[in-house]
K.L.:
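Below you'll find the structure I mean.
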Amino acid sequence: MTVEPLDDAARAGLAATLPHWALEPGRDALTRAFRFRDFSEAWGFMSRVALLAEAQDHHPEWSNVYNRVTITLTTHNAEGLSARDVRLAAAIDALGSAGA
């Protein structure tokens, strides 16, 4: 399935649409780091994100070290950012329990 990359207008609005996310240096990807009280809270957050990702059939690149979770979003078959990444980032932000 071919997915179209974000156009210039959508890219220009990313900072306003997703203020907690940043463009990852050297890649056409969005990234965000989260910090939680402990491992259990981080793991619970990852479980909720996994359910969102599965429902959207769009899976993040991520890492977890104790109370820290880093998520990177990019669409491999668009060779960079797409509307799928923006949608998943917004859904992750809407979880509300995410620490910055």
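Owing to the predicted nature of the structure, the values given are computational and were not obtained by experimental measurement.
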K.L.:
Run N64 and M46 through side chain to side chain contact (heavy atoms under 4.5 Å, CB included) and show every step you take.
P.N.:
CA-CA 9 Å; N64 164 243; M46 290 178 70; 3.5 Å; yes

K.L.:
Check whether N67 reaches the backbone of F36 with its side chain - one donor and one acceptor, N or O, closer than 3.5 Å.
P.N.:
yes

K.L.:
E61 vs R27, test: salt bridge (charged side-chain N to carboxylate O under 4.0 Å, His left out). Steps then yes/no.
P.N.:
CA-CA 13 Å; E61 298 172 16; R27 289 185 69 188; 2.9 Å; yes

K.L.:
Report yes or no: does R84 contribute a side-chain atom to a donor-acceptor pair with the main-chain N or O of Q56 at less than 3.5 Å?
P.N.:
yes

K.L.:
Would a single hydrophobic cluster contain both L95 and L51, if residues Ile, Leu, Val, Met, Phe, Trp and Tyr are joined by side-chain heavy-atom contacts under 4.5 Å?
P.N.:
no

K.L.:
I'd like to check T75 versus L81 (side-chain heavy atoms, cut-off strictly below 4.5 Å). Are they in contact?
P.N.:
no

K.L.:
Any side-chain donor-acceptor pair under 3.5 Å between H20 and D93?
P.N.:
no

K.L.:
Indicate the ring-plane relationship of F45 and F34, choosing parallel, tilted or perpendicular according to the 30° and 60° boundaries.
P.N.:
tilted

K.L.:
Hey, does the side chain of D85 reach the backbone of S82 with a donor-acceptor pair shorter than 3.5 angstrom?
P.N.:
yes

K.L.:
So with a 6.0 Å cut-off around CG of D8, is the heavy-atom count from everything else above 12?
P.N.:
no

K.L.:
With the side chain counted from C-beta on, respond yes when V49 and W62 share a heavy-atom pair under 4.5 Å apart, and no when they do not.
P.N.:
yes

K.L.:
List the steps and the verdict of side chain to side chain contact (heavy atoms under 4.5 Å, CB included) for T74 and L30.
P.N.:
CA-CA 7 Å; T74 191; L30 290 171; over 6 Å; no

K.L.:
Which pair of non-hydrogen atoms, one from L73 and one from P60, has the smallest distance, and what is that distance?
P.N.:
CD2-CB, 3.7 Å

K.L.:
Quick one: do T72 and E24 satisfy side chain to side chain donor-acceptor pair (under 3.5 Å)? Show the steps, please.
P.N.:
CA-CA 8 Å; T72 300; E24 184 171 316; 3.2 Å; yes

K.L.:
So which atom in A89 and which in L18 form the shortest heavy-atom distance, rounded to 0.1 Å?
P.N.:
CB-CD1, 3.7 Å

K.L.:
Determine whether I92 and R87 make a side-chain contact, defined as any pair of heavy atoms from C-beta on separated by less than 4.5 Å.
P.N.:
no

K.L.:
Write down the atom of R37, the atom of Y66, and the distance for their closest heavy-atom approach.
P.N.:
O-OH, 4.3 Å

